[in-house]
2 protein chains.
Amino acid sequence: MALRHAVLAALLDEELSGYQLAKAFDLGVANFWHALPQQLYAELTRLEKDGLIAGREVVQDTRPNKRLFTVTEAGLAELEAFTASVAKPSSIRDDLIVKVQAADHVDPQTLIAQLTERAAFARAKVDLFGGLLDRMRGERSEEEFLRYGERIGPYLTCLRGLAFERGNRDWCERTVAVLREREAARATR
Amino acid sequence: MALRHAVLAALLDEELSGYQLAKAFDLGVANFWHALPQQLYAELTRLEKDGLIAGREVVQDTRPNKRLFTVTEAGLAELEAFTASVAKPSSIRDDLIVKVQAADHVDPQTLIAQLTERAAFARAKVDLFGGLLDRMRGERSEEEFLRYGERIGPYLTCLRGLAFERGNRDWCERTVAVLREREAARATR
DNA sequence: GCCCGCATGTAAGGCGTTACATGATTAA
DNA sequence: TTAATCATGTAACGCCTTACATGCGGGC
């Protein structure tokens, strides 16, 4: 049950609507968790019912009305308890890695295409996260920001996301290079 | 539905029983996927029913009998199709990152303890994967092995696992250092 | 004598994904 | 006028996790 806590953590720094949360948890900006809009609307309903967040209706003229949510005292306590609870070890769960595991038995060209696509995606995320980090620390150097900044949580998680996507990019590129070399060697044999 | 394909990929290189698979997919050796024994036994039943794997009973005296599974032609075709299908982008899903996202609002000592524990776990995995890679490539250098070795799939996925755990280790250590520095600064204020 | 390893499952419940549904405004 | 953005959901299905169940053999 970690989606609740991810939502609570996201609402700590700013009041957000379900729609805004959905955008934050989508592929683009989710540097620490991923979820679909349906999950979020359902979870927000449950969180409010349990008194961990409080919503307030905002009436809009030109746009549909929306509900903005804030973390309550109880919600903060819940997060505190979650933080103290045992963490399960994380593991990657990625279709692409399964495909590479079977590399010796499937068509290399297909694999190369998939890896190339993923590398491009990873590069885009590296750029995105780099930009986010720049904006968060402003004029300050990273060292300075992390020592004296007020809100470093989102920065730290973004650093993890950045390193992860760099890892993806590098591994994909390396793997493509290996597969290409073997293909070339096979052709001249 | 990627567990099926992960199982198929794992059975490509050797005939395994459910129990052996369960060990491979457990925390210790799962360098490309993770699953619990119950999932695996259920999936093996389904895979056999669908004709993607074939099982043969091995009678043992001193131990309970077991069933060893091999990938069939149809199973290989299924894997081939899976490899060609679109891959979803992978994303990290990790309790610990959620906790760090809330770093500015929860007790730093608790967080430091969790991060320290995770760093130790990551170091253990780095060692484990390093050893596995050594054993796979034997006498050969990495370059040589990847160019001329016969089974490089498992090696490549293990490389991804190694890089991922190094990333975990480094990020945990860095984050602990940052939190400690801020705690020290707060104490002298 | 007790716990660990081998070997295989069932059952229930929670979480995530896919598909479907609605309806207004604004920019291309 | 067509598509994208804002805004919020319902329903069905499938995967993952947690708990429970069984039974023999070997080492400390």
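One N or O donor and one acceptor, one from the side chain of A/Gln38 and one from the base of C/dT18, sit under 3.5 Å apart.
C/dT8 atom P lies 17 Å from atom CD of B/Gln39, rounded to whole Å. In this structure, CD of A/Gln20 is placed 13 Å from C1' of D/dT8, rounded to the nearest angstrom. The NZ atom of B/Lys23 sits 12 Å away from the C1' atom of C/dA7 (whole-angstrom rounding). One atom, CD of B/Glu43, and another, C1' of D/dT17, lie 15 Å apart when rounded to the nearest Å. Separating the CG atom of B/Leu3 from the C1' atom of C/dT17 is a distance of 16 Å, rounded to the nearest angstrom. Summarising the geometry, the separation between CG on B/Leu44 and P on C/dT8 is reported as 9 Å, rounded to the nearest angstrom. At whole-Å resolution of the value, NE2 in A/His34 and P in C/dT17 are 6 Å apart. Residue A/Arg4 contributes atom CZ, which lies 13 Å from atom C1' of C/dC15 at whole-angstrom precision.
Salt-bridge formation is not detected for the pair A/Glu144/A/Arg147: no Lys NZ or Arg NE/NH1/NH2 atom is positioned less than 4.0 Å from an Asp or Glu carboxylate oxygen. The pair A/Arg46-A/Glu43 counts as a salt bridge, with a side-chain nitrogen and a carboxylate oxygen less than 4.0 angstrom apart. For A/Arg118 and A/Asp94, the salt-bridge test passes: some basic side-chain N is under 4.0 Å from an acidic carboxylate O. In summary, A/Glu143 and A/Arg137 do not engage in a salt bridge, as defined by a charged side-chain N under 4.0 Å from a carboxylate O.
Ranking D/dT17, D/dC15, C/dC6 by closeness to the B/Leu36 side chain, first place goes to D/dT17. With distances taken from any side-chain atom of A/Tyr19 to the nucleotides D/dC6, C/dG9, C/dT18, the minimum falls on D/dC6.
Summary of the strand contacts: B/Lys88 and B/Tyr41 both lie near DNA chain C, and taking for each the nucleotide with the nearest heavy atom, the more 5' one is attributed to B/Tyr41.
Looking at every heavy atom in both residues, B/Phe69 comes nearest to B/Gly55 through CD2-CA, 3.5 Å.
The 12-atom threshold is exceeded at CZ of B/Arg140, counting heavy atoms of other residues, nucleotides or ligands nearer than 6.0 Å. For B/Glu117, the CD atom is loosely surrounded, since the number of other residues' heavy atoms within 6.0 Å does not exceed 12.
A/Gln60 comes within 4.0 angstrom of the backbone, heavy atoms only, and of no base. Within 4.0 Å of A/Arg93, counting heavy atoms only, lie sugar-phosphate atoms of the nucleic acid but no base atom.
Looking at residues 61-70 of chain A, you'll see A/Thr62, A/Arg63, A/Pro64 sit with a heavy atom under 4.0 Å from some atom of DNA chain C.
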